[in-house]
Engineer: 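The structure's right below; bear with me while I get my questions together.
Keep in mind it's a predicted model, so treat the numbers as computed, not measured.
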Amino acid sequence: MNAAFTTGKELQKMDPVFGQLSFDDHEQIVFCNDKDTGLKAIIGIHNSVMGPALGGTRMYNYANEWEALNDVLRLSRGMTYKAAITGLNIGGGKAVIIGDAKTQKRPELMRKFGEFVHSLSGRYITAEDVGMETRDMDIVRDVTPYVTGISEERGGSGNPSPVTAYGVYLGMKAAAKHQFGSDVLDGKKVLVQGIGHVGETLVDYLTKEGALVTITDINEERLYEVGAKYNAKIFTGEDLYSADVDIYAPCAMGATINDATVHKIKAKVIAGAANNQLANENIHGAILQERGILYAPDFLINAGGIINVYAELAHYDKAEIMRKTENIYNTTLEIFDFAIANNMTTHHAALTIAQNRIDQRKIENSKK
């Protein structure tokens, strides 16, 4: 190949994994392909120092394989820190299946995916994520024990979304306390972007407390359905990031806080369920801090889901699930204080505390 004609994309293909910006010393990347079912999936195991890698499976119609790889790398890394900051003895992993969950997800495809998970002998334990349901995890369970979030009828913890939403709600209240002096959300204007399982439950919590909720979603039919159900306002403006609200809650896909949006945001608090909300953790986290916008680290406040499914591995009950999730409130406040004391962004503060726990465990493991 003539170097003079090498394009950026071609260079990227020369280092398809280790050359990705989102690659962060991941331990293992597994590419799964099955001709008969049409399965194309990627499993990312980021770090297993704290224990086997646990993380959900996302099925999404990615534009290309590079987009899917980048997503699984970012998501699996986030799971490592989510588990560590929450105090769970579990590592970080994630899986993505390339395809349309509405038209391409079939039982035989899920079973084949389960076989690939099983081939890793427990290094990766899966659960549900975007595009997945509890019944899909039950199908995976037919072929491997390395799955959580299965139905309660089969001895599992069920759909983790309500617990995730509860943790986000508590993290939002902690952020309000720090930023506004009170954790009471009555009268606060909150924009919820994305009203899937987690987003809708968050809207329910906010509405019951008296918050003035505005919602937006790419699914217009669901948008009006949820709006009518909770008497929530439908966002009709041209630019939701510059909306006049107190709190912005991103609950859809990640990277909504990016070069194009970070200077537009008028909200004084960002607290939502989406993973990897900052397109660039360092740059956009610093800009939010400079602008006086309080960012509640996503991998901390959306940890209710992993707490819920981890119960199946640690064998604790619903009461303990809720106790651990309620502690997100206190941990969030501690992160804010740590960030101020150490003159760093809230995201960096959360990462630092999580990494310290991982490093300590690594030292302990080396002595065994």
Engineer: By the rule that ILVMFWY residues connect when side-chain heavy atoms come within less than 4.5 angstrom, directly or transitively, which residues belong alongside Tyr295?
Structural biologist: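 Traced through the cluster, Tyr295 reaches Leu191, Phe235, Leu240, Tyr241, Val245, Tyr248, Ile257, Val262, Ile265, Ile270, Leu278, Ile283, Ile287, Leu288, Ile293.
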
Engineer: Using modelled atom types only, decide if a donor and an acceptor are shared between the side chain of Glu27 and the backbone of Ser48 within a distance under 3.5 Å.
Structural biologist: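 Answer holds: yes.
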
Engineer: What pairs meet the salt bridge (charged side-chain N to carboxylate O under 4.0 Å, His left out) rule with one or both residues in residues 85-98, with sequence neighbours excluded?
Structural biologist: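 Residue pairs passing salt bridge (charged side-chain N to carboxylate O under 4.0 Å, His left out), neighbours aside: Lys94-Asp129.
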
Engineer: Not counting sequence neighbours, list each pair that qualifies as a salt bridge (charged side-chain N to carboxylate O under 4.0 Å, His left out) and has a residue in residues 161-175.
Structural biologist: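 Output for this query lists Lys173-Glu209.
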
Engineer: Excluding sequence neighbours, so at least two apart, what forms salt bridge (charged side-chain N to carboxylate O under 4.0 Å, His left out) with Asp239?
Structural biologist: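 Asp239 satisfies salt bridge (charged side-chain N to carboxylate O under 4.0 Å, His left out) with Lys264 only.
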
Engineer: Is there a donor-acceptor pair under 3.5 Å between the side chain of Ser157 and the backbone N or O of Asn308?
Structural biologist: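 At least one qualifying donor-acceptor pair exists.
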
Engineer: Can you run down the side chain to side chain donor-acceptor pair (under 3.5 Å) pairs that involve residues 213-223, sequence neighbours left out, and say none if there aren't any?
Structural biologist: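 Residue pairs passing side chain to side chain donor-acceptor pair (under 3.5 Å), neighbours aside: Glu200-Arg222.
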
Engineer: Considering only residues two or more places apart or on different chains, which pairs with a residue in residues 98-109 satisfy side chain to side chain donor-acceptor pair (under 3.5 Å)?
Structural biologist: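 Only Lys105-Asp136, Arg106-Glu108 qualify under side chain to side chain donor-acceptor pair (under 3.5 Å).
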
Engineer: Just grab all the salt bridge (charged side-chain N to carboxylate O under 4.0 Å, His left out) pairs involving residues 181-193, residues at least two apart or on different chains.
Structural biologist: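 Matches after skipping sequence neighbours: Lys189-Asp244.
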
Engineer: Can you pull the salt bridge (charged side-chain N to carboxylate O under 4.0 Å, His left out) pairs that have at least one residue in residues 66-91, sequence neighbours excluded?
Structural biologist: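 Listed by first then second residue: Asp24-Arg77, Arg58-Asp71, Arg77-Glu281.
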
Engineer: For Tyr146, what residues pass the ring pair (Phe, Tyr, Trp, His ring centres under 6.0 Å) criterion, not counting sequence neighbours?
Structural biologist: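 Here the qualifying residues are His118.
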
Engineer: Name all residues meeting the side chain to side chain donor-acceptor pair (under 3.5 Å) criterion together with Asp246; count only those two or more places apart in sequence or in a different chain, and write none if there are none.
Structural biologist: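 With sequence neighbours excluded, Asp246 shows a side chain to side chain donor-acceptor pair (under 3.5 Å) to no residue whatsoever.
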
Engineer: By salt bridge (charged side-chain N to carboxylate O under 4.0 Å, His left out), which residues pair with Lys208, not counting sequence neighbours?
Structural biologist: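 For Lys208 the salt bridge (charged side-chain N to carboxylate O under 4.0 Å, His left out) partners, ignoring immediate neighbours, are Asp204.
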
Engineer: Could you give all pairs that pass the ring pair (Phe, Tyr, Trp, His ring centres under 6.0 Å) test and reach residues 327-368, with sequence neighbours left out?
Structural biologist: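 Those involving residues 327-368 are His178-Phe336, Phe299-His347.
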
